[in-house]
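Here's the structure, in structure tokens; my notes come after.
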Amino acid sequence: MGHSPTFLLCFQASFSQTKPPSVGEFINFTVQLSLDGAMVYFWGWKSLAYLILSTFVGGGMHLMAAHFISEHYVFKPEQETYSYYGPLNLITWSVGYHNEHHDFPRIPGSKLCNVKEIAPEYYENLDSYKSWSQVIYMYIMDPTVGPFSRMKRKLVQRS
């Protein structure tokens, strides 16, 4: 039985560029396991299976999940991330303003459109999308793009 492209992508990303976990991540892991255990204790294994399966359904081939593909899958080798400037930003908390988010990660999504308005010279010359359905079509039909078409940075060792 083969693995889905999503599984392979997550598996590769998990091990290709690892960093040591922080104390906060250990705390988060402990809390999550405790909550999962409590959920199984009170409502059974089906409740945990439901949450796990809903993760895969949420990341399926539908327009809202296309933002994962449009943000980090490399369609043009000279550009690492892409933004989406279409109407679905109104109902996705402006998740499409992805380049702006990378430049200013602490600005709330509702204000990211202002970044593009204030500094258009930095964003107008970058490739972007106006249609997430176009992104899905390109992902399926372009033979040069697949589950491993992501930018991989070299880990810089600091002395």
Is there a path of hydrophobic side-chain contacts, each under 4.5 Å between heavy atoms of I/L/V/M/F/W/Y residues, joining F42 to W45? yes
Main-chain N/O of Y82 paired to D127 side chain as donor or acceptor, under 3.5 Å: no
Go through the steps for Y84 and S128 under the test side chain to side chain contact (heavy atoms under 4.5 Å, CB included), then give the verdict. CA-CA 6 Å; Y84 159 78; S128 62; over 6 Å; no
For Y129 and F75, take the angle between the two ring planes, folded into 0 to 90°, and tell me which bin it lands in: parallel under 30, tilted 30 to 60, perpendicular over 60. perpendicular
Can I52 be reached from Y50 by stepping across I, L, V, M, F, W or Y side chains whose heavy atoms are under 4.5 Å apart? yes
Measure the OG1-CG distance between T30 and L35 for me, rounded to the nearest 0.5 Å. 11.0 Å
Polar side chain donor-acceptor pair, Y123 to D103, under 3.5 angstrom: yes
Could you state the interatomic distance from OG (S70) to NZ (K130), rounded to the nearest 0.5 Å? 13.5 Å
Check step by step if side chain to side chain contact (heavy atoms under 4.5 Å, CB included) holds for L112 and H101. CA-CA 7 Å; L112 287 172; H101 163 70; 3.9 Å; yes
Regarding S94 and N89, is there a side-chain donor-to-acceptor distance under 3.5 Å anywhere? no
Is the side chain of E25 donor-acceptor paired with the backbone N or O of S22 at a distance under 3.5 Å, no angle test? yes
Is there a continuous path of hydrophobic side-chain contacts, each under 4.5 Å between heavy atoms, that joins W132 to F68? no
Is there a side chain to side chain contact (heavy atoms under 4.5 Å, CB included) between M39 and L48 once you walk through the steps? CA-CA 7 Å; M39 189 170 63; L48 184 62; 3.7 Å; yes
Min side-chain heavy-atom separation K116-Y85 under 4.5 Å: yes
ring-ring contact (aromatic ring centres under 6.0 Å, His included), that's the test. Do H72 and H67 meet it? Break it down for me. CA-CA 9 Å; H72 287 287; H67 82 87; 9.7 Å; no
So how far is it from R150 CZ to T81 OG1, rounded to the nearest 0.5 Å? 11.0 Å
How close do S47 and G44 get, heavy atom to heavy atom, and via which atoms? OG-O, 2.7 Å
Quick check: closest heavy atoms across S83 and H98, and the distance to 0.1 Å? OG-N, 3.1 Å
Any side-chain heavy-atom pair of N99 and Q79 under 4.5 Å: yes
How close do T144 and D142 get, heavy atom to heavy atom, and via which atoms? OG1-OD1, 2.6 Å
Side chains of Y97 and N114, heavy atoms from C-beta outward: is any pair under 4.5 Å? no
Pairwise distance CD(E100) to NZ(K111) - rounded to 0.5 angstrom: 15.5 Å
Would you sort out whether I107 and V115 count as a side chain to side chain contact (heavy atoms under 4.5 Å, CB included), showing the intermediate values? CA-CA 9 Å; I107 292 180; V115 171; 3.7 Å; yes
Under 3.5 Å, is there a donor-acceptor pair linking the side chains of S110 and W93? no
Hydrophobic clusters here meaning ILVMFWY residues chained together by side-chain heavy-atom distances under 4.5 Å, can you tell me if I118 and L126 are in one? no
Under a 4.5 Å side-chain heavy-atom rule over Ile, Leu, Val, Met, Phe, Trp and Tyr, are L33 and L51 clustered together? no
